[in-house]
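Beneath this line is the structure, given in structure tokens, with notes to follow.
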Amino acid sequence: YLNTYGSLYSISDKGEIKWFINLNQSLDINPSNLFYSNPIVLHQDKLIVSTDLYLYILDSNTGSAFFKIAITSLLKPIVSGKNLFLITKDNLLVCINLDSGKIIYSADISQNIADFLDTKKKSIDIKSLAIVNSELFLFLNNSYLVKFNLNGIIKNIHKLTSKLRSSPLFINDSIIYLDNKNKLVILN
């Protein structure tokens with residue numbers, strides 16, 4: 001359980017606190033200075049917490065830190081195998097090895113899109129990130145889908161038929177989402 005003040009608790013099946021850790025770096029705890037984090041990711045024995053200052057990779061059994069990295073994720077990080085993928089506030093796609101804590105690569109998404117389209121670099125607004133069939137799907141708020149391979153190289157860019165209102169679902173080879181008019185969209 002992670003509360004708005006940055007305290008993370010592990011609670012047993014019997015309701016007992018197994019361990020506790022405070023991730024809030026601020027001494028000023030008031031309603032105007034609440035703790036920010038993305039949803040927690042649990043992968044095998046690792047608990048991944050992305051806060052407004054750091055990315056923590058913790059031992060889910062003890063609460064001890066495997067790694068504390070000064071990097072912030074814009075969205076909930078995602079895991080594939082031993083790699084953690086996240087998008088920073090500066091629109092960098094970052095891949096981190098979960099075993100070593102080392103950054104495998106960092107790619108400037110805006111620049112990569114501009115290079116792929118052979119245009120000038122423009123600012124982008126990212127809606128969500130997902131892994132589908134061993135590819136990274138990056139959904140932009142302007143109705144574009146950018147597909148990367150797991151090495152951070154753009155494979156292709158697609159214009160969706162309408163803007164996403166909901167998070168996309170993936171069933172077989174289809175993408176399903178609600179559009180901005182609350183209509184169900186199914187893309188094959």
Side-chain angles (χ1 to χ4, degrees), residues 36-60 65-161 163-164 166-177 185-188:
Y36 168 79
S37 81
N38 281 306
I40 295 173
V41 176
L42 177 63
H43 179 70
Q44 297 171 353
D45 66 336
K46 293 179 176 67
L47 195 61
I48 301 149
V49 183
S50 172
T51 71
D52 51 353
L53 296 175
Y54 296 100
L55 175 73
Y56 295 90
I57 301 174
L58 307 170
D59 183 318
S60 63
F66 289 121
F67 308 104
K68 176 181 171 183
I69 305 167
I71 193 168
T72 313
S73 182
L74 181 66
L75 307 166
K76 177 182 175 181
I78 55 176
V79 177
S80 177
K82 296 183 183 221
N83 294 328
L84 176 73
F85 298 92
L86 58 91
I87 307 291
T88 69
K89 292 178 181 178
D90 298 326
N91 288 332
L92 299 176
L93 171 62
V94 179
C95 177
I96 299 171
N97 181 286
L98 281 172
D99 291 335
S100 68
K102 303 271 188 222
I103 294 176
I104 297 170
Y105 67 80
S106 176
D108 183 334
I109 298 167
S110 299
Q111 186 62 57
N112 286 357
I113 290 171
D115 293 345
F116 186 84
L117 297 174
D118 197 24
T119 62
K120 288 174 52 174
K121 181 178 174 179
K122 297 178 183 173
S123 66
I124 59 170
D125 188 17
I126 299 170
K127 176 134 180 103
S128 68
L129 176 68
I131 294 181
V132 181
N133 298 329
S134 298
E135 293 180 333
L136 293 166
F137 280 38
L138 183 65
F139 293 89
L140 305 181
N141 276 324
N142 65 354
S143 303
Y144 279 90
L145 167 60
V146 183
K147 293 182 185 179
F148 292 85
N149 66 23
L150 294 180
N151 294 323
I153 311 278
I154 294 178
K155 292 182 71 176
N156 53 45
I157 299 175
H158 296 287
K159 174 81 170 153
L160 300 175
T161 57
K163 286 190 174 190
L164 282 101
S166 67
S167 295
L169 297 174
F170 306 95
I171 300 174
N172 296 328
D173 290 329
S174 299
I175 301 172
I176 301 170
Y177 64 92
V185 176
I186 302 173
L187 302 174
N188 293 319

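In this text the structure is predicted, and so the values were computed from the model without any measurement.
Contact check for Asp173 versus Asn133: side-chain heavy atoms found under the 4.5 Å cut-off. The side-chain heavy atoms of Leu84 and Lys46, taken from C-beta on, include no pair separated by under 4.5 Å. Looking at heavy atoms from C-beta onward, Asn83 lies out of side-chain contact with Leu150 at the 4.5 angstrom threshold. Proximity of Leu145 to Leu187: side-chain heavy atoms (C-beta onward) are nowhere separated by under 4.5 Å. Counting heavy atoms from C-beta on, the side chains of Leu55 and Phe67 never come closer than 4.5 Å. Residues Ile109 and Val146 fail the side-chain proximity criterion, which asks for heavy atoms closer than 4.5 Å. When side chains are defined from C-beta on, Ile154 does not count as touching Asp115, because their heavy atoms never get closer than 4.5 Å.
Between atom CD1 of residue Ile176 and atom OG of residue Ser167 there is a gap of 13.5 Å, rounded to the nearest 0.5 Å. To the nearest 0.5 Å, the span separating CG on Leu86 from CD1 on Ile96 amounts to 5.0 Å. Atoms OG1 and CD1, from Thr72 and Ile87 in turn, are 13.0 Å apart once rounded to the nearest 0.5 Å. With values rounded to the nearest 0.5 angstrom, Leu92 atom CG is found 11.5 Å from Gln111 atom CD. Of the inter-residue distances, the one linking Lys147 atom NZ with Asn149 atom CG reads 12.5 Å to the nearest 0.5 angstrom. In this structure, the separation between NZ on Lys102 and CG on Asn97 is 10.0 Å, given to the nearest 0.5 Å.
Taking both residues in full, the closest heavy atoms of Ala107 and Gly152 are given as CB-O, 4.3 Å, listed atom of the first, atom of the second, then distance. The shortest non-hydrogen separation linking Tyr177 to Lys163 is CE1-O, 3.8 Å. The shortest non-hydrogen separation linking Phe148 to Leu138 is CE1-CD2, 3.8 Å. The two residues Phe85 and Cys95 make their nearest non-hydrogen contact at CE2-SG, 3.6 Å. Nearest heavy-atom pair, Ala65 versus Leu58, reported as atom, atom and distance to 0.1 Å: CA-CD2, 3.7 Å. Residues Leu74 and Thr88 come closest through the heavy atom pair CB-O, 3.9 Å.
Checked by atom type and distance alone, the side chain of Asn151 never pairs as donor or acceptor with a backbone atom of Ile153 at under 3.5 Å. Under the 3.5 Å distance criterion, the side-chain polar atoms of Ser60 are matched with a main-chain donor or acceptor of Asp45.
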Without placing hydrogens or testing angles, list every side-chain donor-acceptor pair under 3.5 Å for residues 75-82, not counting sequence neighbours.
residue: Lys82; atom: NZ; partner: Asp99; partner atom: OD2; Å: 3.1

Quick one: side chains of residues 122-130, donor-acceptor pairs under 3.5 Å with protein atoms, not counting sequence neighbours, listed by atom name and distance.
residue: Asp125; atom: OD1; partner: Asn141; partner atom: ND2; Å: 3.4
residue: Asp125; atom: OD2; partner: Asn141; partner atom: ND2; Å: 2.8

- Item | Test side-chain contact (heavy atoms from CB on, under 4.5 Å) applied to Gln44 and Leu98, step by step | CA-CA 11 Å; Gln44 297 171 353; Leu98 281 172; over 6 Å; no

- Query: Where do Ile131 and Phe137 land on the side-chain contact (heavy atoms from CB on, under 4.5 Å) test, with the steps shown first?
  - Reply: CA-CA 6 Å; Ile131 294 181; Phe137 280 38; over 6 Å; no

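Atom CG of Asn156 has more than 12 neighbouring heavy atoms from other residues, nucleotides or ligands inside a 6.0 Å radius.
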